[in-house]
Amino acid sequence: MLIGLTGGIASGKSTVSEIIQSKGIPVIDADQISREVVEPGTEALQLISEHFGQSVINEDGTLARKKLGEIIFEHPEERQILNKIVHPAVRNRMNELKERYVEEGEKTIVFDIPLLFESDLFHLVDKVLLVYVDEETQLKRLMNRDLAGEKDAKLRIASQMPLQKKRERADAIIDNSSTVEETRRQLEEILDEWIVS
C-alpha cells in the first residue's frame with residue numbers, strides 16, 4: 001500500500017510524518033529528496049547552472065536557493081524549466097527508495113509529497129491522506145513558525161491550492177487543529193482501516 005501524505009504549508013504534515021515513522025512505517029520525503037538531487041556533483045545541479053548561470057551557485061558549489069528563488073518567483077516560465085530539471089530526478093530517487101523498501105518486505109510505504117495535488121501525482125499512490133487545518137489556524141501557525149508578517153504568510157498560503165479544495169479528492173483527512181494526541185488518534189484509526197483491509 002502506497003500512501004500519499006500531503007497538506008498545506010503549516011498544516012502540521014511534519015508532525016504526522018514523525019508519528020508514522022515512529023510506528024516503523026517508512027516515509028519517503030519528497031522535500032528532502034528535492035534537496036539531495038541538487039547537491040554538488042549531481043546532474044540536476046549541473047543542468048541548473050548551465051541554464052540559470054553561475055549566479056545561482058554559491059562559492060562552495062552548493063545551490064544558491066534564495067537567488068534561484070528570486071528568479072523563478074519573478075519569471076514563472078523559468079519555474080517550469082527548473083521543475084523539468086528537478087522533478088524527474090526526484091521521481092527517480094523516490095522510485096529507487098520505494099523499490100528498496102519493497103525488496104526489504106515493507107507492506108506499507110508513505111510518500112510525503114507537499115505538492116501532491118498541485119503536481120497531480122495521484123498516480124504514484126493508492127491512497128491520499130490529507131493533513132488539514134482551517135485557514136485561520138494555518139495563517140496563525142505560519143506567522144508563528146516563520147515569524148512572517150501577515151501579508152507574507154497570506155501570499156505563501158495563496159501560492160498553494162487551498163486545503164478546503166484538497167479535501168474533495170483526499171481518501172482520508174486528519175484534522176490537525178487540536179492536540180498532537182488527537183492527531184495521533186485520527187491517524188491510528190485511518191491506518192488501522194487501510195492497512196488491515
Side-chain angles (χ1 to χ4, degrees), residues 2 4-15 17-18 21 26-101 109-125 128 130-131 135 138-139 141-163 165-166:
L2 300 174
L5 173 66
T6 194
I9 191 165
S11 63
K13 186 176 56 57
S14 304
T15 304
S17 176
E18 283 165 22
Q21 288 174 68
V27 174
I28 298 173
D29 183 336
D31 268 356
Q32 189 184 334
I33 291 170
S34 68
R35 287 191 288 274
E36 289 168 10
V37 299
V38 294
E39 281 174 0
T42 57
E43 184 189 2
L45 187 64
Q46 177 65 35
L47 293 170
I48 289 169
S49 74
E50 283 170 16
H51 178 80
F52 293 94
Q54 276 309 114
S55 72
V56 299
I57 307 296
N58 291 317
E59 280 181 23
D60 62 0
T62 57
L63 182 62
R65 291 178 181 282
K66 201 166 171 10
K67 181 82 181 107
L68 183 60
E70 286 165 10
I71 295 170
I72 64 170
F73 194 73
E74 285 172 29
H75 307 281
E77 67 282 0
E78 294 292 340
R79 178 190 295 269
Q80 289 176 339
I81 290 166
L82 179 66
N83 288 345
K84 281 191 178 127
I85 295 170
V86 176
H87 287 177
V90 171
R91 275 197 294 269
N92 290 343
R93 181 79 184 113
M94 288 175 79
N95 236 341
E96 283 168 20
L97 289 170
K98 181 192 85 174
E99 293 306 324
R100 197 179 78 204
Y101 286 130
I109 301 166
V110 173
F111 283 128
D112 179 340
I113 310 176
L115 299 178
L116 188 143
F117 283 80
E118 289 84 346
S119 303
D120 196 20
L121 298 175
F122 292 90
H123 60 281
L124 294 179
V125 297
V128 173
L130 175 68
V131 183
E135 282 173 37
Q138 187 181 22
L139 181 63
R141 284 186 184 168
L142 181 59
M143 286 166 67
N144 289 340
R145 187 188 81 184
D146 297 355
L147 303 174
E150 187 170 345
K151 186 172 172 235
D152 180 53
K154 281 183 170 170
L155 275 172
R156 290 175 62 196
I157 290 170
S159 73
Q160 296 183 346
M161 184 189 288
L163 282 169
K165 201 162 164 44
K166 290 181 179 181

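- Residues Asp146 and Arg156 meet the side-chain proximity criterion, which asks for heavy atoms closer than 4.5 Å.
- A side-chain donor from one of Ser17 and Gln21 sits under 3.5 Å from a side-chain acceptor of the other.
- Ile28 and Ile109 get closest at one heavy-atom pair: CD1-CG2, 3.8 Å.
- Taking the side chain as every heavy atom from C-beta outward, Phe52 and Lys67 never approach each other to under 4.5 Å.
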Kindly determine whether Gln32 and Asp112 satisfy side-chain contact (heavy atoms from CB on, under 4.5 Å), including the steps that lead there. CA-CA 10 Å; Gln32 189 184 334; Asp112 179 340; over 6 Å; no
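- Rounding to the nearest 0.5 Å places CG of Asp120 at 12.0 Å from CG of Leu115.
- No side-chain donor-acceptor contact under 3.5 Å links Asn58 to the backbone of Asp60.
- Here the side chains of Leu47 and His51 are not in contact, with every heavy-atom distance at 4.5 Å or above.
- For the atom pair Glu70 CD and Glu78 CD, the distance stands at 14.0 Å (nearest 0.5 Å).
- In terms of heavy-atom proximity, Pro40 sits nearest to Thr62 at CG-CG2, 3.9 Å.
- The structure places CZ of Phe117 at 5.5 Å from CG of Leu130, a figure rounded to the nearest 0.5 Å.
- For the pair Ser119 (side chain) and Leu116 (backbone), a donor-acceptor distance under 3.5 Å is absent.
- Within a 6.0 Å sphere centred on CZ of Phe122, other residues, nucleotides and ligands contribute more than 12 heavy atoms.
- A salt bridge does not link Arg35 to Glu39: none of the charged side-chain nitrogens sits closer than 4.0 Å to a carboxylate oxygen.
- A 6.0 Å sphere centred on CD of Glu135 holds no more than 12 heavy atoms belonging to other residues, nucleotides or ligands.
- The side-chain heavy atoms of Val27 and Val110, taken from C-beta on, include a pair separated by under 4.5 Å.
- Side chain of Gln138 to main chain of Ile157: no donor-acceptor pair is present (N/O by atom type, distance under 3.5 Å, no hydrogens or angles).
- The shortest side-chain heavy-atom distance between Val131 and Leu5 falls under the 4.5 Å cut-off.
- No side-chain heavy atom of Lys84 sits under 4.5 Å from any side-chain heavy atom of Ile81.
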Glu150 vs Lys154, test: salt bridge (charged side-chain N to carboxylate O under 4.0 Å, His left out). Steps then yes/no. CA-CA 6 Å; Glu150 187 170 345; Lys154 281 183 170 170; 2.9 Å; yes
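- To the nearest 0.5 Å, atoms CD1 (Ile72) and CD (Glu77) are separated by 11.0 Å.
- Heavy atoms of other residues, nucleotides or ligands lying less than 6.0 angstrom from CD of Glu118 number more than 12.
- The structure places CG of Asp152 at 11.0 Å from CG of Leu147, a figure rounded to the nearest 0.5 Å.
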Checking Asn92 against Val37 for the side-chain contact (heavy atoms from CB on, under 4.5 Å) test, could you report, in this order, the C-alpha distance in whole Å, the side-chain angles of both residues, the deciding distance, and whether it holds? CA-CA 10 Å; Asn92 290 343; Val37 299; over 6 Å; no
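- Between Ser55 and Ala64, the shortest heavy-atom distance links the atoms O-CB, 4.2 Å.
- Proximity of Asn95 to Arg91: side-chain heavy atoms (C-beta onward) are nowhere separated by under 4.5 Å.
- Annotation: side chain of Val38 is not in contact with side chain of Ile85 (no heavy-atom distance under 4.5 Å).
- Nearest heavy atoms, Gln160 versus Gly8: OE1-CA, 3.3 Å.
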After noting the C-alpha distance and the side-chain angles of Val90 and Ile33, does the key distance pass the side-chain contact (heavy atoms from CB on, under 4.5 Å) rule? CA-CA 6 Å; Val90 171; Ile33 291 170; 4.0 Å; yes
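- In this structure, Lys166 contributes its side chain and Gly7 its backbone to a donor-acceptor pair below 3.5 Å.
- Annotation for Arg141 and Ser11: closest pair NH1-O, 3.8 Å, computed over non-hydrogen atoms.
- Remark: side-chain polar atoms of Thr6 are paired, donor with acceptor, to backbone N or O of Ile113 under 3.5 angstrom.
- The heavy-atom pair separating Ser34 from Asp31 by the smallest distance is OG-O, 2.7 Å.
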